[in-house]
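For ligands, and for the atoms within them, numbers begin at 1 and follow the listed sequence. Heads up: numbering here begins at 1 and tracks the sequence.
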Amino acid sequence: MKLAVIGTGYVGLVSGVCFTLNGNHVICVDKDQEKISKLNRMESPIYEPGIEALIEMNLREGRLSFSADLQDSVRRSDIVILAVGTPSLPNGEADLRYIEGAAAEIGQAMEGYKIIMTKSTVPVGTNEKIRSMIAAHTNHPFDIVSAPEFLREGSAIQDTLHPDRIIIGLDNPALEDTMRELHKGFTDNVFVTDIRSAEMIKYASNAFLATKISFINEIANICEKVGADVTEVAQGMGMDRRIGSSFLQAGIGYGGSCFPKDTNALIQIAGNVDYEFKLLESVVEVNKGQRFMIISKLHESLGSLRGAVIGIWGLAFKPNTDDVREAPAREIVEALVAEGATVKLYDPIAADNFRQQYDHPNLRWCGLPEEAAAGSDAVCLLTDWSVFKDINLHKLAESMRRQVLIDGRNVYSKEQIEGTGLTYHSVGRPQMGGLSGYSADAVGVV
Ligand SMILES: NC(=O)c1ccc[n+]([C@@H]2O[C@H](COP(=O)([O-])OP(=O)(O)OC[C@H]3O[C@@H](n4cnc5c(N)ncnc54)[C@H](O)[C@@H]3O)[C@@H](O)[C@H]2O)c1
């Protein structure tokens, strides 16, 4: 089949590239000419493990191309896939301006029958609006399909090629075979439903996963007060198949381009029909507060942060991506600067993206984790990149001015910390019994 994927971001680029692997010809379209030029030079505009090799292979073999010309690409395709961004408006609602712009252009371009498939996350009823917007510009026939995307940045290729399920929302049953054919080889687990339910499945899924995260973070906060260990609690809970172990890692809360905006959008979707989604409102509230646990723990160990030097490890909202949208690091770093600290930042991939969004004279940009730690009063681990797991913690402690390590992702074990001289705070785990060289009291820095 011939496909045009509109929007060459984290979803569009990965989906487009993966659809070439099961025999389709794909044009990836973006209005950002710079992205298209980069892609034509076989450089990925996003960091996603494995993507550049697939781009190169498929470009060379002629199954993949890149274009900034939406209308020409639509004319040359049977299926047009919408993968443009749907960011948040200030009130939390999804901003549909990119969807609307693309829909109008698709309508203007059409010279024959097309299937329009929406992968972007859109509020319930949006695909019907897309239909009206396209119909306002063309008399040619077309069908609408909702196919929400569930990939995770960092493992996006694997997730696309081997998804748990494909959700297809349609109102023309004749399309089901085409949709199964399009996803052939990815999974047989194709769930076909109506369009509105498909749209809701995406929001409900993200809201549920966000709920799991806020739930375990609240359990972690209680664990700290009652002397339980949340990692043990989560492991024990996860062994119950009704609960499952994923998304039960306590930490500084979720960020990224999806959970924050999709939870807020679902609260708005409910509000628009006079329903107050109280549970989800609490999930969002808990998440907002959780990141500031880092600041409280710094105060606990260092007192005032004025004049303190704080090392930050990790700026991306999660490992294996360069995406810093809604990353907890942003608010944490801003709070540290506001309190008068000097902040030394390190991220293996996302530092440039972070710096484009936020810079300040009190920030020092570091090329190695050890550099961010040297001379610091505390190091805060915010993203669990694997590079941090292998750091020599003895050397780390020696290089610091005061030996405080705040582990916002529960990366280190008791054994790794023991004997290093570090005052170690993690999330929802006890202070590990005041072991020698392990608690704040033991090293006299409180
Ligand atoms: N990023 C994720 O992990 C993820 C996962 C699942 C679903 N989603 C959803 O997928 C959608 C896309 O997300 P993303 O992270 O890939 O966004 P993104 O911001 O990385 O990419 C969107 C791209 O669309 C382009 N664009 C906008 N309007 C256009 C137009 N008229 N013509 C051509 N290109 C246009 C932009 O230039 C941009 O490159 C969103 O609705 C998001 O919620 C994202």
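Contacts between S120 and ligand 1 below 4.0 angstrom, taking non-hydrogen atoms only, involve backbone and side chain alike. Contacts of L13 with ligand 1, taken as heavy-atom pairs under 4.0 Å, are absent altogether. Using a 4.0 Å cut-off between heavy atoms, C258 contacts ligand 1 through its side chain alone, with no backbone atom that close.
Interface of T86 with ligand 1, defined as ligand atoms under 4.0 Å from a residue heavy atom, comprises 40 (C), 41 (O), 43 (O). Listed by number with element, the atoms of ligand 1 under 4.0 angstrom from any heavy atom of L151 are 3 (O), 5 (C). With ligand atoms numbered from 1 in the order given, ligand 1 contributes 1 (N) to contacts under 4.0 Å with heavy atoms of S257. Within the listing of ligand 1, atoms 23 (C), 24 (O), 25 (C), 34 (N) sit less than 4.0 angstrom from a heavy atom of G7. Within the listing of ligand 1, atoms 1 (N), 2 (C), 3 (O) sit less than 4.0 angstrom from a heavy atom of E153. For ligand 1, the atoms sitting less than 4.0 Å from at least one non-hydrogen atom of I6 are 32 (N), 33 (C), numbered in the order shown with element in parentheses. The ligand atoms of ligand 1 that sit less than 4.0 angstrom from a heavy atom of L70 are 32 (N).
Ring planes of F388 and Y346: perpendicular class, angle over 60° (limits at 30 and 60°).
Here the closest non-hydrogen pair linking M293 and G251 is CE-O, 4.0 Å. Closest of all the heavy-atom pairs between E105 and L70 is CB-CD2, 3.6 Å. Of all heavy-atom pairs spanning E100 and M133, the tightest one is CG-SD, 3.3 Å.
The distance criterion of under 3.5 Å between nitrogen or oxygen atoms is met by K35 with respect to ligand 1. The shortest N or O to N or O distance between D262 and ligand 1 is not below 3.5 Å. The shortest N/O to N/O separation between K202 and ligand 1 does not fall below 3.5 Å. Where the criterion is an N or O separation shorter than 3.5 Å, residue side chain and backbone included, E105 fails it with respect to ligand 1. In terms of N/O distances under 3.5 Å, ligand 1 is not approached by K119. Considering backbone and side-chain N/O atoms, D32 never comes within less than 3.5 Å of an N/O atom of ligand 1.
When F150, Y10, F259, F317 are ranked by how near their heavy atoms come to atom 20 (O) of ligand 1, first place goes to Y10. One option in V84, D159, T321, I46 has a heavy atom closer to atom 27 (C) of ligand 1 than any other, and that option is V84. Closest heavy-atom approach to atom 30 (C) of ligand 1 within the set K31, E100, R152: this belongs to K31.
A search for ring-ring contact (aromatic ring centres under 6.0 Å, His included) contacts involving F186 returns F19, not counting sequence neighbours.
Listed for the T86 side chain is a donor-acceptor partner under 3.5 Å among the backbone atoms of T121. A donor-acceptor distance shorter than 3.5 angstrom exists from the side chain of N362 to the backbone of A341, with no hydrogens or angles considered.
Nearest protein neighbour of atom 43 (O) of ligand 1, counting heavy atoms only, is K261 NZ, 2.6 Å.
For the ligand labelled ligand 1, residue R325 lies inside the 4.0 Å heavy-atom shell.
For the pair R364 and E371, the salt-bridge criterion is not met [side-chain N within less than 4.0 Å of a carboxylate O].
With contacts defined as side-chain heavy-atom distances shorter than 4.5 Å, the pair L393/L405 qualifies.
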Derivation of the salt bridge (Lys or Arg N to Asp or Glu O under 4.0 Å) call for K288 and E331: CA-CA 10 Å; K288 274 188 193 149; E331 280 185 309; over 6 Å; no

Residues R330, E334; criterion salt bridge (Lys or Arg N to Asp or Glu O under 4.0 Å); working and verdict: CA-CA 6 Å; R330 171 72 182 268; E334 279 182 348; 2.9 Å; yes

Anything under 3.5 Å between a donor and an acceptor, one on a side chain of residues 266-279, the other on a protein residue two or more places apart or in another chain? List them.
from	atom 1	to	atom 2	distance (Å)
Q268	NE2	N91	O	2.8
N272	ND2	E93	OE2	3.1
N272	ND2	Q268	O	3.4

